[in-house]
Amino acid sequence: MSNVSIIGLGYVGLTLSCVLASKGINCIAVDSDKNKLQLIRKGNIPFVEPSLDRLLTSSIENGKLKISADIERAVVGTDATFITVGTPRNKDGTSNLSHLKAVCVSIGKALRKKSRYHIVIVKSTVPPTTTSSFVKDILEKESRKTVGIDFGLVANPEFLREGSAVSDTLNPHAVVIGSWDKKAGDQLESFYKKIHKDNKPPIVRTNPSTAEIIKYANNAFLATKISFINCIANICQHIPGVDVQTVASTIGLDPRIGSLFLKAGPGYGGSCLPKDLDALVAFSEKRGYSPKLLKAVKSTNTQQPHITVKLAKQLLGNLKRKKVSILGVAFKKDTNDVREAPSIKIIKQLLREGAIVSVHDPLALDQIRPIFNDKIRFAASVSNCIDSADCCIVVTDWDEYKLLEPKDFKKMRKTIIIDARRVLNSVKFAKNMKFAAIGLGNPNTFNNRDKGK
Ligand code: UDX
């Protein structure tokens, strides 16, 4: 497998293309969006992803990465094809497989023209059984060939995060190879062993449906951890002097729990966790099992942005005509992605309550402009956003917000700060102003006798 094609150039596909090219693999990266291809050909990335631009430029320059709109030619000219198209959410929560279907039809047609064995690798997040029924059926019908004999088929989910897509692709915590046929699984295993010869991640060999559910279980568990700690945070908030961060870091010391993904906040967003949880719930319900735990994870997350607004109301009394500044709209730091960002729900509720909203974000303002247009004010700097405000809410964990000091808020009309991300030093802030934070029992009324030490 020294020549591969990658179909679908979103975060997963473009990052995979550049990483494989940087490892000396000849890659043909394909997408149907002509504007996107034009950008990529010039070395530009159609989204924000640290260090990917450097990798893209060097991969194009050294000739290892070719960009194309022609799936069939790409498949015919390579040994294996990674499918990395999006599987967006349908209205009922199920995964929309229309892009996958269109791509499989083209791959099938290309396979018909090929005499050599070819491996088709499904990297897109798809519901269990999709690879071994939906994908297999289309490929066999279009190619008039047989899986396991004329071509190989593997479900091979990825676990990369936006904002660290390159390092996650270079250093995955595991490689999951769910192969239909042993030959395809063996070839993909040796391919990954070469790619990851220095870091040697565990390689899990399984069948396609197990690989598919592993991806959903992974994301569902991460979502569960976040909703769990947010639930504990909401309880801690009612206990003066208690801070969920101490609770989280201490329970995280228990190796059965682990310290990661226990940061309380305004709820999880992004293009994956909310969508994948819905898809898993919908998949399960269609088969007659109602996954109550997962539904509670979702409803806890839906409620979480409103907890932040509730804090604002408690401190301001009434939100009508109050100036509220929002620091951060991206769903997390180091990205300009606002898909399912808690900021959007917070801003919408503030507007419903009659607040006057200004927002700042180092990267993502253009992304929310079309949602709110002239209903909110877009500020070019933090100080411009918070000056003369009645309340400031920190919604995204950008590093630059972590450096803010109480003095930076002095020009506010009322110095009421709500830290929905727990990035500010609560001791310093509570001393100087009205301060509230997710998971922090009211620091302004903290009883001295209960200080502990
Ligand atoms: C996620 C998974 O981590 C990744 O493995 C999968 O392939 C795609 O979905 P991503 O959506 O990029 O990645 O973001 P992630 O870093 O997981 O964060 C998701 C959301 O949870 C963000 O809104 C983040 O702010 C929030 N979060 C994360 C918390 O609120 N608390 C935490 O402790 C961790």
Side-chain angles (χ1 to χ4, degrees), residues 225-253 257 259-269 300-317 319 322 324-328 331-333 342-343 345-346 349-350 382 386 389-410 412 414-453:
K225 267 190 123 175
I226 299 169
S227 277
F228 170 81
I229 203 63
N230 283 340
C231 165
I232 298 294
N234 299 341
I235 298 170
C236 288
Q237 232 161 268
H238 294 281
I239 319 169
V242 168
D243 187 342
V244 73
Q245 287 185 322
T246 314
V247 179
S249 60
T250 311
I251 65 170
L253 294 173
I257 295 174
S259 60
L260 302 177
F261 269 70
L262 283 180
K263 190 109 174 56
Y268 58 81
T300 303
N301 195 59
T302 308
Q303 172 198 31
Q304 202 59 17
H306 303 294
I307 303 278
T308 307
V309 180
K310 200 171 154 197
L311 278 173
K313 265 168 106 171
Q314 275 165 6
L315 294 177
L316 280 165
L319 292 175
K322 299 281 169 31
V324 181
S325 52
I326 300 290
L327 294 187
F331 83 98
K332 63 174 189 179
K333 69 172 184 171
S343 63
K345 291 182 196 146
I346 292 172
Q349 202 193 329
L350 289 170
V382 171
I386 60 184
D390 297 301
C391 171
C392 171
I393 309 177
V394 182
V395 183
T396 307
D397 52 344
W398 285 105
D399 288 342
E400 70 172 274
Y401 300 155
K402 293 178 187 163
L403 302 173
L404 292 169
E405 296 282 338
K407 67 174 168 38
D408 297 313
F409 295 85
K410 281 284 149 58
M412 287 175 70
K414 286 185 189 147
T415 43
I416 296 177
I417 315 292
I418 295 162
D419 185 1
R421 274 295 179 171
R422 307 308 312 274
V423 294
L424 303 174
N425 181 325
S426 57
V427 177
K428 261 197 216 169
F429 274 82
K431 231 186 254 164
N432 288 277
M433 50 195 58
K434 261 194 184 174
F435 180 79
I438 293 288
L440 184 66
N442 190 342
N444 300 101
T445 60
F446 180 26
N447 181 347
N448 277 332
R449 275 185 303 135
D450 200 19
K451 272 190 176 149
K453 310 189 243 197

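Residue indices begin at 1 and follow the sequence shown.
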Short side-chain to backbone donor-acceptor contact, Lys333 and Gly328, under 3.5 Å: no

Asp397 side-chain N/O to Arg421 backbone N/O, donor-acceptor pair under 3.5 Å: no

Asp390 (side chain) donor-acceptor with Val324 (main chain) under 3.5 angstrom: no

Nearest heavy atoms of Asn230 and Ala264, plus distance in Å: OD1-CA, 3.2 Å

Contact check, side chains of Lys225 and Leu262, non-hydrogen atoms, under 4.5 Å: yes

Test item: Phe228 and Ile257 side chains (from C-beta on) under 4.5 Å apart, heavy atoms: no

Worked check of side chain to side chain contact (heavy atoms under 4.5 Å, CB included) between Leu404 and Leu327: CA-CA 11 Å; Leu404 292 169; Leu327 294 187; 3.7 Å; yes

Glu405 side, atom CD; Lys410 side, atom NZ - distance, nearest 0.5 Å: 10.5 Å

Distance, nearest 0.5 Å, that separates CG of Leu311 from OG1 of Thr308: 6.5 Å

Exercise: identify the closest heavy-atom pair between Leu350 and Ile393: CD1-CD1, 4.3 Å

From CG (Asn234) to CD1 (Ile229), nearest 0.5 Å: 10.0 Å

Closest contact, heavy atoms only, Leu403 versus Asp408: O-OD2, 4.3 Å

Lys263 (side chain) donor-acceptor with Arg422 (main chain) under 3.5 angstrom: yes

Over all atoms of both residues, closest heavy-atom pair of Cys391 and Ala312: SG-CB, 4.3 Å

Under 3.5 Å donor-acceptor, Gln304 side chain and Ser227 backbone: no

From CA spacing to verdict: side chain to side chain contact (heavy atoms under 4.5 Å, CB included), Ile417, Phe409: CA-CA 9 Å; Ile417 315 292; Phe409 295 85; 3.3 Å; yes

Side-chain (Tyr401) to main-chain (Val423) donor-acceptor, under 3.5 angstrom: no

Approximate separation, where rounding is to 0.5 Å, of Leu315 CG and Phe435 CZ: 10.5 Å

Rounded distance (nearest 0.5 Å) linking atom CG of Asp419 with atom NZ of Lys402: 11.0 Å

CD1 on Ile326 to SG on Cys392, rounded to 0.5 Å: 7.5 Å

Close side-chain approach of Val309 to Pro305, heavy-atom, < 4.5 Å: no

Residue pair Met412 / Ile416: nearest heavy atoms and the distance that separates them: CE-O, 3.6 Å

Exam field: side chain Gln237 to backbone Gly441, donor-acceptor pair closer than 3.5 Å: no

Closest heavy-atom pair and its distance - Ala233, Ile438: CB-CG2, 4.0 Å

Expected output: side-chain Lys345 to main-chain Thr302 donor-acceptor under 3.5 Å: no

